[in-house]
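Lettering follows sequence order; numbering is per chain, from 1.
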Protein chains: 2
Amino acid sequence: MGVRKERSADTAAALKEAAKRQFVERGYLNTKITDITAAAGRATGSFYEHFASKDDLLRELEAELHEQAGAGILEQHPADHDLTNPEHLRAHVAAAWNTMQANLPVVIALYESAIATGEDPGRLWQELVTSTGTLREHLEDLRRQGRSLPGDPQLVAAAMGALLSSLGYALLRADDAGFSDEEVIDTLTRLLLTGLSGAE
Amino acid sequence: MGVRKERSADTAAALKEAAKRQFVERGYLNTKITDITAAAGRATGSFYEHFASKDDLLRELEAELHEQAGAGILEQHPADHDLTNPEHLRAHVAAAWNTMQANLPVVIALYESAIATGEDPGRLWQELVTSTGTLREHLEDLRRQGRSLPGDPQLVAAAMGALLSSLGYALLRADDAGFSDEEVIDTLTRLLLTGLSGAE
DNA sequence: GTCTATATACAGATAGAC
DNA sequence: GTCTATCTGTATATAGAC
């Protein structure tokens with residue numbers, strides 16, 4: 001209360017915001033601690049008063065993202081069920097796309113971070129599996145209802161997740177690709193729903 | 001001729017082979033020059049007698065890959081045409097998958113290198129566009145024949161490419177995912193052909 | 001051309017004054 | 001808590017003997 005200058009209001013928050021901007025501009029891996037502090041108008045040393053490392057900061061951003069509306073990048077979905085219903089599927093795709101877009105800085109950072117971690121080569125697959133958990137369950141429901149799927153629910157779910165995240169990463173960073181969000185969502189919905197053969 | 005010891009036969013080739021092995025084991029970004037030279041049984045300094053940098057080495061590997069049978073990662077395809085024919089599509093998917101697998105070290109390296117280059121944020125999208133060029137042409141052919149596609153050929157082609165490369169990267173590095181190549185190829189074929197709704 | 005030893009560059013992290 | 005200055009660790013790259 002009564003604080004005029006916001007400069008020192010909350011440095012941690014300022015650093016987080018600056019970091020997000022940098023992640024979009026330069027990518028996570030290319031962003032240095034000094035880029036973040038400079039963008040936030042703080043000194044280098046101040047960073048470590050609030051975060052132990054760049055990865056630590058990312059984990060906090062990730063936690064914030066997960067807190068918000070329990071929305072996992074690819075898990076969020078509206079009412080739900082019956083992915084073979086065009087409206088439902090479209091809503092699902094739109095939710096995933098919009099979530100990705102709304103949290104682009106963190107999505108970018110997590111993606112790059114996962115790639116760069118050469119330690120555990122299977123980590124990306126694991127993250128893909130966990131991030132598409134609810135999607136897999138929906139597919140398993142479908143299968144139980146006697147519908148035939150293109151393949152193992154886990155594999156299909158992972159494929160859909162890979163498609164969304166990968167295309168999203170490439171497309172959302174290139175702001176001049178020339179496709180509107182709506183067009184992307186519509187196209188992906190149709191592709192996932194009826195494939196290349198079309199509905200008929 | 002008449003050389004007994006192969007050790008000094010061709011250091012450049014030895015370094016390339018060692019690099020490929022390291023790229024698979026540790027990932028490209030995590031592989032240090034010293035990892036490569038050590039794996040090749042050479043001294044650190046020798047590396048620079050043959051390559052200007054790690055990126056330079058990667059570009060040579062990339063060139064080699066492109067020389068072989070003019071096979072772009074996702075461009076290779078058999079006879080061709082009519083992607084709505086199950087056998088043709090499957091052959092196409094299989095070719096892409098097998099090419100990716102056969103050149104896994106370079107695929108991994110190029111992928112990680114593209115991600116890490118925060119300089120040009122649109123580079124990944126550009127690479128996606130160029131690597132799916134022939135696929136896009138096929139789709140345009142289909143459209144000219146009056147068939148309805150899920151969306152713009154460029155966007156659909158890019159989506160397919162993103163699906164293949166991203167899932168391939170995740171899956172081929174995790175050797176314990178539990179899916180055979182055949183199962184993956186079959187599943188992707190069906191997903192791309194008829195989507196979640198199935199053929200009927 | 002290959003080696004060992006060393007130099008350069010720089011990001012990450014810390015120390016200590018304020 | 002924030003700052004400036006500095007240290008450390010590490011990867012890239014070079015120098016110079018063989």
Just the rounded figure in Å: distance from [atom2] of [N] to [atom1] of [X].
X: B/Phe47; N: C/dT4; atom1: CZ; atom2: P; result: 17 Å
X: B/Leu57; N: D/dT12; atom1: CG; atom2: C1'; result: 14 Å
X: A/Asp56; N: C/dA13; atom1: CG; atom2: P; result: 10 Å
X: B/Leu29; N: D/dT10; atom1: CG; atom2: C1'; result: 16 Å
X: B/Asp35; N: D/dA13; atom1: CG; atom2: C1'; result: 16 Å
X: B/Phe51; N: D/dA11; atom1: CZ; atom2: P; result: 20 Å
X: B/Lys54; N: D/dT10; atom1: NZ; atom2: P; result: 16 Å

Look at the side chain of [X] and decide which nucleotide, out of [options], has an atom nearest to it.
X: B/Ala43; options: C/dG12, D/dT12, C/dT4; answer: C/dT4
X: A/Ile33; options: C/dG12, D/dT2, C/dC3; answer: C/dG12
X: B/Ser46; options: C/dA13, D/dA13, C/dC3; answer: C/dC3
X: B/His50; options: C/dA13, D/dT2, C/dT2; answer: C/dT2
X: A/Glu49; options: C/dT4, D/dA13, D/dG1; answer: D/dG1
X: B/Ser53; options: D/dT2, C/dA13, D/dA13; answer: D/dA13

| Minimum heavy-atom separation for A/Glu127 to A/Ala114, with atom names? | OE1-CB, 3.9 Å
| task | May I ask you to check whether A/Thr37 and A/Arg42 show a side-chain donor-acceptor distance below 3.5 Å? | result | no
| query | If you measure only the distance, is there a donor-acceptor pair under 3.5 Å linking the side chains of B/Gln22 and B/Tyr28? | reply | no
| Is the phosphate of C/dG1, meaning OP1 or OP2, less than 4.0 Å from a side-chain N or O of B/Thr11? | no
| query | If only side-chain N and O atoms of B/Tyr48 are considered, is one of them under 4.0 Å from the OP1 or OP2 phosphate oxygen of D/dA13? | reply | yes
| said: Pair A/Asp82, A/Thr84 - check side chain to side chain donor-acceptor pair (under 3.5 Å), show working. | reply: CA-CA 5 Å; A/Asp82 197 4; A/Thr84 63; 2.5 Å; yes
| query | Does a salt bridge link A/Arg144 with A/Asp141, judged by any charged N lying under 4.0 Å from a carboxylate O? | reply | yes
| message | Need one value for A/Thr34: base, sugar-phosphate or nothing, where a base atom within 4.0 Å counts as base even if backbone is also close, heavy atoms only. | response | nothing
| query | Quick one: on DNA chain C, does A/Lys32 or A/Gly45 contact a more 5' nucleotide (nearest heavy atom)? | reply | A/Lys32
